[in-house]
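Heads up: numbering here begins at 1 and tracks the sequence.
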Amino acid sequence: MTTRHCDAEIPDSPRPPYPLVSGYCDITCGFGRGSAELGIPTANVPIEELSVEFNNLSLGIYFGFAKVQAIDKQLSVDSRSDGTKVEFNYGRYLSKEKDDLNVLPVVLSIGKNPFYGNNFKTIELHIIHKFNKDFYGAKVKFCILGYLRPELDYTTKEALIKDINIDIYKSLSVLSKDSYKSLGSLLDD
Ligand code: ADP
Ligand code: RBF
Ligand code: MG
């Protein structure tokens with residue numbers, strides 16, 4: 001497996017403060033860059049909905065599991081700060097048969113996206129699963145099981161995409177070990 005200078009050592013099983021388990025959080029909209037620019041969508045969750053343990057974590061890239069839940073609400077439209085419109089469907093197209101509602105592996109970015117120069121922190125989840133449609137307004141519950149690396153600046157978009165793909169590969173590899181995989185049950189209701 002590729003080893004990068006920035007890679008943290010990942011223990012054989014999660015060590016405190018992990019596992020950290022969230023409640024169900026709202027999926028809000030960001031700038032829409034994840035899918036459009038990187039081809040890597042991220043479900044953004046409001047940091048205010050997370051406990052102090054989550055908010056005290058160092059900025060960086062993490063892995064764990066996530067579970068999405070639809071809510072029963074009428075479609076609505078919200079506007080991004082740049083005026084573009086986003087349809088909130090609250091997860092009505094999520095499919096149990098397609099495993100969309102399962103406990104799924106996730107990579108998370110907690111940070112200020114230095115490549116884009118944000119001046120505020122976001123918590124974004126890229127769920128490692130192919131969804132057929134977006135699910136703005138749905139809820140997501142997740143656990144963090146470990147830390148991968150600090151967030152970095154890049155000179156090209158391609159270099160960022162390459163690193164995210166390594167993050168995904170590494171996370172899937174760790175999450176397949178029994179000591180990590182068994183913790184998916186933390187998200188059972
Ligand atoms: P935004 O900046 O509004 O968060 P993104 O381009 O990051 O826009 O897209 C995020 C949206 O894409 C999520 O809110 C979710 O509805 C949808 N989505 C589709 N596939 C995934 C996935 N695998 N992981 C996370 N979100 C996904
Ligand atoms: N943004 C950065 O500026 N630097 C990073 O090192 C970085 N790593 C990321 C790793 C993962 C696994 C994910 C899902 C996102 C990462 N991002 C990073 C955030 C990325 O810039 C952001 O998701 C998009 O701008 C869409 O909001
Ligand atoms: Mg996003």
Side-chain angles (χ1 to χ4, degrees), residues 14 18-55 57 61-111 113 118 120-146 148 164-165 167-168 171-172 174-176 180-189:
Y18 318 111
L20 282 178
V21 186
S22 79
Y24 277 104
C25 300
D26 292 300
I27 298 174
T28 59
C29 62
F31 297 110
R33 289 189 301 235
S35 321
E37 281 199 38
L38 304 176
I40 304 168
T42 57
N44 294 37
V45 299
I47 57 176
E48 315 79 56
E49 292 184 12
L50 290 164
S51 67
V52 60
E53 287 80 8
F54 280 89
N55 277 296
L57 292 172
I61 314 307
Y62 295 83
F63 64 91
F65 289 108
K67 191 165 145 185
V68 181
Q69 187 180 61
I71 61 172
D72 188 17
K73 229 171 151 176
Q74 294 294 316
L75 295 180
S76 67
V77 176
D78 203 353
S79 300
R80 291 197 166 92
S81 47
D82 67 358
T84 55
K85 302 261 185 266
V86 187
E87 188 182 79
F88 275 55
N89 63 41
Y90 301 97
R92 66 169 60 193
Y93 306 110
L94 292 166
S95 155
K96 191 171 170 15
E97 291 66 40
K98 295 203 165 108
D99 295 342
D100 296 344
L101 304 173
N102 287 9
V103 172
L104 299 165
V106 68
V107 278
L108 300 92
S109 155
I110 302 185
N113 302 2
N118 290 353
F120 54 90
K121 179 168 95 173
T122 57
I123 301 194
E124 309 175 33
L125 291 83
H126 173 67
I127 303 169
I128 309 172
H129 175 75
K130 171 82 189 107
F131 292 93
N132 283 332
K133 232 179 161 317
D134 64 44
F135 41 92
Y136 286 106
K139 300 264 187 186
V140 64
K141 180 177 174 176
F142 58 98
C143 61
I144 298 187
L145 300 180
L148 290 169
I164 296 179
N165 282 315
D167 298 331
I168 292 171
S171 301
L172 286 177
V174 178
L175 291 169
S176 70
Y180 282 90
K181 190 163 67 182
S182 60
L183 295 172
S185 63
L186 290 169
L187 301 181
D188 290 343
D189 293 310

Q: Are any of the side-chain heavy atoms of Phe54 and Ile144 separated by less than 4.5 Å?
A: yes
Q: Could you go step by step and tell me if Val107 and Thr42 meet the side-chain contact (heavy atoms from CB on, under 4.5 Å) rule?
A: CA-CA 9 Å; Val107 278; Thr42 57; over 6 Å; no
Q: Are side-chain heavy atoms of Leu186 and Phe65 found at a separation under 4.5 Å?
A: no
Q: Could you tell me whether the side chain of Leu125 reaches within less than 4.5 Å of the side chain of Val140, counting heavy atoms only?
A: yes
Q: What are the two closest heavy atoms between Arg92 and Lys73, and how far apart are they?
A: NH2-O, 3.5 Å
Q: Before giving the answer on side-chain contact (heavy atoms from CB on, under 4.5 Å), spell out for Leu75 and Glu87 the whole-Å C-alpha distance, their side-chain angles and the decisive distance to 0.1 Å.
A: CA-CA 7 Å; Leu75 295 180; Glu87 188 182 79; 4.1 Å; yes
Q: Are the side chain of Thr84 and the backbone N or O of Arg80 linked by a donor-acceptor pair below 3.5 Å?
A: no
Q: Answer yes or no: is there a side-chain heavy-atom contact under 4.5 Å between Val45 and Leu50?
A: yes
Q: Decide whether Ser76 and Tyr90 meet the rule of one side-chain donor and one side-chain acceptor closer than 3.5 Å.
A: yes
Q: Tell me, with the steps shown, if Asp189 and Lys67 meet salt bridge (Lys or Arg N to Asp or Glu O under 4.0 Å).
A: CA-CA 10 Å; Asp189 293 310; Lys67 191 165 145 185; 3.3 Å; yes
Q: Rounded to the nearest 0.5 Å, what's the gap from CD1 on Ile128 to CG on Leu104? Could you check?
A: 9.5 Å
Q: Quick one: CG on Asp167 to OG on Ser109, what's the gap to the nearest 0.5 Å?
A: 9.5 Å
Q: Once salt bridge (Lys or Arg N to Asp or Glu O under 4.0 Å) is applied, do any residues pair with Asp26, and if so which ones, sequence neighbours excluded?
A: Lys139
Q: Report yes if the side chains of Phe131 and Leu94 come closer than 4.5 Å at any heavy-atom pair, otherwise no.
A: yes
Q: Between Lys181 and Ser176, is there a side-chain heavy-atom distance shorter than 4.5 Å?
A: no
Q: Judged by modelled atom types alone, do Ser22 and Lys141 share a side-chain donor-acceptor pair under 3.5 Å?
A: no
Q: With a 6.0 Å cut-off (strictly less than), is the heavy-atom count around CG of Asp188, excluding the residue itself, greater than 12?
A: yes
Q: Tell me if the NZ atom of Lys98 is crowded by more than 12 foreign heavy atoms within 6.0 Å.
A: no
Q: What I'd like to find out is whether the side chain of Tyr180 reaches to under 4.5 Å of the side chain of Phe63, using heavy atoms alone.
A: yes
Q: Is it the case that more than 12 heavy atoms not belonging to Lys121 sit under 6.0 Å from its NZ atom?
A: yes
Q: Is it the case that the side chain of Asn44 and the backbone of Glu124 share a donor-acceptor pair, with hydrogens and angles ignored and the cut-off at 3.5 Å?
A: no
Q: Just verifying a value: how many Å separate Leu148 CG and Ile164 CD1, rounded to the nearest 0.5 Å?
A: 11.5 Å
Q: Within the distance-only criterion (no hydrogens, no angle test), does the side chain of Asp100 pair as donor or acceptor with the backbone N or O of Val68 below 3.5 angstrom?
A: no
Q: Can you tell me if His126 uses its side chain to pair, donor with acceptor, with the backbone of Pro41 under 3.5 Å?
A: yes
Q: Nearest 0.5 Å, please: how far is OH in Tyr62 from SG in Cys143?
A: 14.5 Å
Q: Are the ring centres of Phe88 and Phe135 closer than 6.0 Å?
A: no
Q: What distance separates Ile110 CD1 from Ile61 CD1, expressed to the nearest 0.5 Å?
A: 8.5 Å
Q: Compare every heavy atom of Cys25 with every heavy atom of Glu49, then report the nearest pair and how far apart it is.
A: OE1-CA, 3.1 Å
Q: What's the spacing between Leu183 CG and Leu145 CG if we round to 0.5 Å?
A: 5.5 Å
Q: Would Val21 and Leu187 count as a side-chain contact (heavy atoms from CB on, under 4.5 Å) if you check the C-alpha gap in whole Å, the side-chain angles of each, and the deciding distance to 0.1 Å?
A: CA-CA 8 Å; Val21 186; Leu187 301 181; 4.1 Å; yes
Q: To check you understand the geometry: which heavy-atom pair defines the closest contact between Pro105 and Leu172, and what is its length?
A: CG-CD2, 3.7 Å
Q: Do Asn118 and Phe31 come within less than 4.5 Å of each other through their side chains, counting heavy atoms only?
A: yes
Q: For Val106 and Leu175, which heavy atoms make the closest approach, and how far apart are they?
A: N-CD1, 4.4 Å
Q: Starting from the C-alpha separation in whole Å, work towards a yes-or-no answer on side-chain contact (heavy atoms from CB on, under 4.5 Å) for Arg33 and Asn113.
A: CA-CA 11 Å; Arg33 289 189 301 235; Asn113 302 2; 3.5 Å; yes
Q: For the pair Asn89 (side chain) and Gly91 (backbone), establish whether a donor and an acceptor sit closer than 3.5 Å, ignoring hydrogens and angles.
A: yes
Q: Quick one about His129 and Asp99 (side-chain donor to acceptor, distance below 3.5 Å, no hydrogens or angles considered), yes or no?
A: no
